Amino acid sequence: MSYQGTSNPIFILGDDAQRTRGRDAQTSNIAAGKAVAEAVRTTLGPRGMDKMLVDSTGEVVITNDGVTILEEMDIEHPAAQMLVEVAQTQESEVGDGTTTASVLAGQLLAKAEDLLGRDVHPTAVVEGYAAARDIGTEAVRDLVLEGELDDDLLRTVAATSMTGKGTGDVNAEALADLVVRAVRHVETDAGANRDDVRVHTQVGAASSATELVEGIITDTEPVRDDMPRDLTDATVAVIDTKLETRETSADVEYNVTSVDQLNAALDAEESELRRYAAAVRDAGVDVLVSQKGIDDRVAAFLADAGVLALKSVKKSDVVAVANATGATVVGDVADIEAADLGTAERVHVERFGEDELTFIEGGADAAAVTLLVRGSTTHVLSELERAIGDAVDVVVVALDEEGVVPGAGCAEIVVADRIRSEAASIEGRAQLAADAFADALDALPRTLAENTGMDPIDALVDLRAANESGRAGLITSGERGEIADPVAHGVLDPAAVKREALASATDAATMIVRIDDIIAAE
Ligand code: ADP
Ligand code: MG
């Protein structure tokens, strides 16, 4: 294409570049974004359905989790890709509410299309949406339940986040209890650190065998079978260098001209390896955790000395073991000092089918817990892992941040109401956009109603009426849906999840609306 100035045209794009401008660009972007949101809509809420995703290699994922669906779908359209990012932001910021955020973003786009068609300028749409988001954020804050978050309430929040996800043969309450105990265990005055609650999945048992381990699990087994497999009050050393001869690591060449020289060289090598093992033994180490390799001969010496050694341990596990036991990660075993060592109440190795796992429990320095998640098949296990991951996230977020609000569509209805009544003070056409934002929010309780098999229009009318006089949501229990108090029925979501959904959906929708020119290189 060319730019027609006063003099000669200036060519700025290649011949093959595709260009779509103005309303066409908006329409195409909006359609793509809406299509993506629509794909996850039917999974919302406790009666939401699952999706089965099959990739080009035939790999199957079965899930109800918004962000997982969007990530597994092979989405190429750039505007649609922005909706995937909404879900990803939601997941990384607060860990739950990915379907909620995507559905809201899709609705905001649908309403924006309407507004643009009625000649509302994109800038007014952007302004109105931003104003509505701010009113909504304030309204979420006002909905936060008063009082301290006790374990009962936290279990409720955890269970709410897991409903609708396939949790195998365990009920959400039992898992919620494990999750709350896990988070409470690592909680300090400064709050709970999400990373201190680890999740380890192990296939081969019913989901109900899922348990809480007060420590770290690494899927590495002792380097040799003749090493100890169960130690109490163990002294732990953590290293991140190889225990092999320098030769292999630094390419030293021996110039061997006689048998004597060869023997001397081998002796030198052997004594170097022996020194490694002796250094470990002399430091009083019971358990050696190494991020790198350990030479077979060193391993034999270590086994002789009664040391349980693990090699090629994942970096994240190495760091976790060091943190929990109070050990410092050392580079050279010759330098190990007493201060570098950590301790654990018990280190033991357990066999699970084909695999052996090492448990490092009761570290002296920091509380770390692992939820050992079990499932009969890898599909069951993956979905359970996602459900438990979400539950840990919401409990941490509820404790750390802004508290909890009533779920089951109650928050959305109240927030939409508040936006409608305050939108009146917004000047110009942006007011239309703020009203549209409120209508977009209605889609969430409407979708919950649809997915429960209730009549969506009646449900919405009744829900609004019920909220005039009290607090009400669309509570699903078993096969039925009814309008009732979410707090009394234990359906609670973290306020941060709702706040983040308003923010990320608004960001994506306004970004897409602002685009009026798509230039694609071929
Ligand atoms: P998301 O990815 O947005 O978290 P979910 O499928 O997990 O999507 O659904 C979350 C919504 O379901 C929240 O609004 C939550 O309050 C609601 N919810 C959870 N349990 C119930 C229930 N028993 N009855 C009605 N709504 C529920
Ligand atoms: Mg959820």
Side-chain angles (χ1 to χ4, degrees), residues 37 39-51 63-71 83 86-91 93-107 140 143 145 155-167 171-173 176 383 386-395 397-398 404-415 441-454 459 463 471-502 504-505:
V40 293
R41 220 169 69 86
T42 56
T43 70
L44 184 77
R47 302 276 296 157
M49 301 301 285
D50 294 348
K51 304 259 169 201
T63 185
N64 176 283
D65 192 41
V67 67
T68 308
I69 296 168
L70 296 178
E71 282 177 343
L83 272 239
V86 172
Q88 284 169 335
T89 310
Q90 183 78 19
E91 177 75 11
E93 292 292 318
V94 290
D96 193 23
T98 57
T99 313
T100 301
S102 318
V103 170
L104 181 57
Q107 286 296 315
V140 169
L143 275 169
L145 301 190
R155 276 193 287 270
T156 306
V157 178
T160 302
S161 79
M162 286 187 283
T163 41
K165 304 256 187 315
T167 47
N171 60 28
E173 278 71 37
E383 185 67 344
R386 284 188 285 269
I388 288 184
D390 280 3
V392 173
D393 288 336
V394 292
V395 171
V397 161
V404 298
V405 297
C410 173
E412 285 82 358
I413 281 290
V414 174
V415 169
L441 274 169
D442 283 347
L444 291 159
R446 194 168 54 235
T447 305
L448 278 177
E450 275 168 24
N451 292 352
T452 319
M454 293 165 96
L463 187 58
R471 180 172 55 196
L474 294 170
I475 307 297
T476 310
S477 42
E479 304 284 310
R480 282 173 30 81
E482 57 168 336
I483 291 184
D485 179 7
V487 180
H489 283 80
V491 183
L492 301 172
D493 292 309
V497 169
K498 300 298 180 198
R499 174 187 47 72
E500 185 60 38
L502 290 174
S504 56

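Ligands are counted one by one from 1 in listed order, and the atoms in each one are counted from 1 as well. As the structure is a prediction and not an experimental result, all values here were calculated from the model.
The structure places OG1 of Thr156 at 11.5 Å from CG of Asp493, a figure rounded to the nearest 0.5 Å. Note: Asn451 CG to Arg446 CZ = 12.0 Å, rounded to the nearest 0.5 Å. Between the CD1 atom of Ile388 and the CE atom of Met162 there is a distance of 6.5 Å, given to the nearest 0.5 Å.
Thr476 N, 2.9 Å is the protein heavy atom nearest to atom 24 (N) of ligand 1. For atom 25 (C) of ligand 1, the closest non-hydrogen atom on the protein side is Leu474 O, 3.0 Å. Residue, atom and distance of the protein heavy atom nearest to atom 7 (O) of ligand 1 are Lys165 NZ, 3.9 Å. The protein atom (non-hydrogen) at minimum distance from atom 3 (O) of ligand 1 is Thr100 OG1, 2.5 Å. In terms of protein heavy atoms, atom 20 (N) of ligand 1 is closest to Thr163 OG1, 3.0 Å. Closest to atom 21 (C) of ligand 1, if we only count protein heavy atoms, is Pro46 CG, 3.4 Å.
Side-chain contact between Leu44 and Thr100 is present, with heavy atoms from C-beta onward closer than 4.5 Å. With contacts defined as side-chain heavy-atom distances shorter than 4.5 Å, the pair Leu143/Val414 qualifies. Side-chain contact between Leu104 and Leu441: present, with at least one pair of heavy atoms (C-beta onward) separated by less than 4.5 Å.
Remark: ligand 1 and Glu412 share no N or O pair separated by less than 3.5 Å (distance only, no angle test). The N/O atoms of Ser161, backbone and side chain alike, include none that comes under 3.5 Å of an N/O atom in ligand 1. Residue Gly45 has at least one N or O atom closer than 3.5 Å to an N or O atom of ligand 1.
Scanning both residues, Cys410 and Arg471, for their nearest heavy atoms gives SG-CG, 3.8 Å. When all heavy atoms are compared, the tightest approach of Ala484 to Ile475 is O-CG1, 3.7 Å.
Of all the atoms in ligand 1, the ones that sit under 4.0 Å from a non-hydrogen atom of Thr43 are 6 (O). Within ligand 1, counting atoms from 1 as listed, the ones closer than 4.0 Å to a heavy atom of Thr98 are 1 (P), 2 (O), 3 (O). The atoms of ligand 1 that sit less than 4.0 Å from any heavy atom of Leu44 are 3 (O), 6 (O), 8 (O), 9 (O). Below 4.0 Å from some heavy atom of Thr99 lie the following atoms of ligand 1, by number and element: 1 (P), 2 (O), 3 (O), 8 (O). Residue contact check: Asp493 has heavy atoms under 4.0 Å from atoms 13 (C), 14 (O), 15 (C), 16 (O) of ligand 1. With ligand atoms numbered from 1 in the order given, ligand 1 contributes 4 (O) to contacts under 4.0 Å with heavy atoms of Asp96. For ligand 1 and Thr160, the ligand atoms under 4.0 Å from any heavy atom of the residue are 19 (C), 20 (N).
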Candidate pair Glu500 and Thr89, rule side-chain contact (heavy atoms from CB on, under 4.5 Å), full reasoning: CA-CA 9 Å; Glu500 185 60 38; Thr89 310; 3.8 Å; yes
Would Val415 and Val140 satisfy side-chain contact (heavy atoms from CB on, under 4.5 Å), going step by step from the backbone distance to the final call? CA-CA 7 Å; Val415 169; Val140 169; 3.8 Å; yes
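Here the side chain of Gln90 pairs a donor or acceptor atom with the backbone of Asp96 at under 3.5 angstrom. A donor-acceptor pair is defined here as one N or O able to donate and one able to accept, closer than 3.5 Å; such a pair exists between the side chain of Thr160 and the backbone of Gly490.
At a 4.0 Å cut-off, at least one heavy atom of Lys498 sits close enough to ligand 1 to count as contact.
Of all the listed residues (Gly97, Gly407, Ala408), Ala408 holds the heavy atom that lies closest to atom 17 (C) of ligand 1.
Considering just the N/O/S atoms of Asp96, the one nearest the Mg ion (ligand 2) carries the name OD1.
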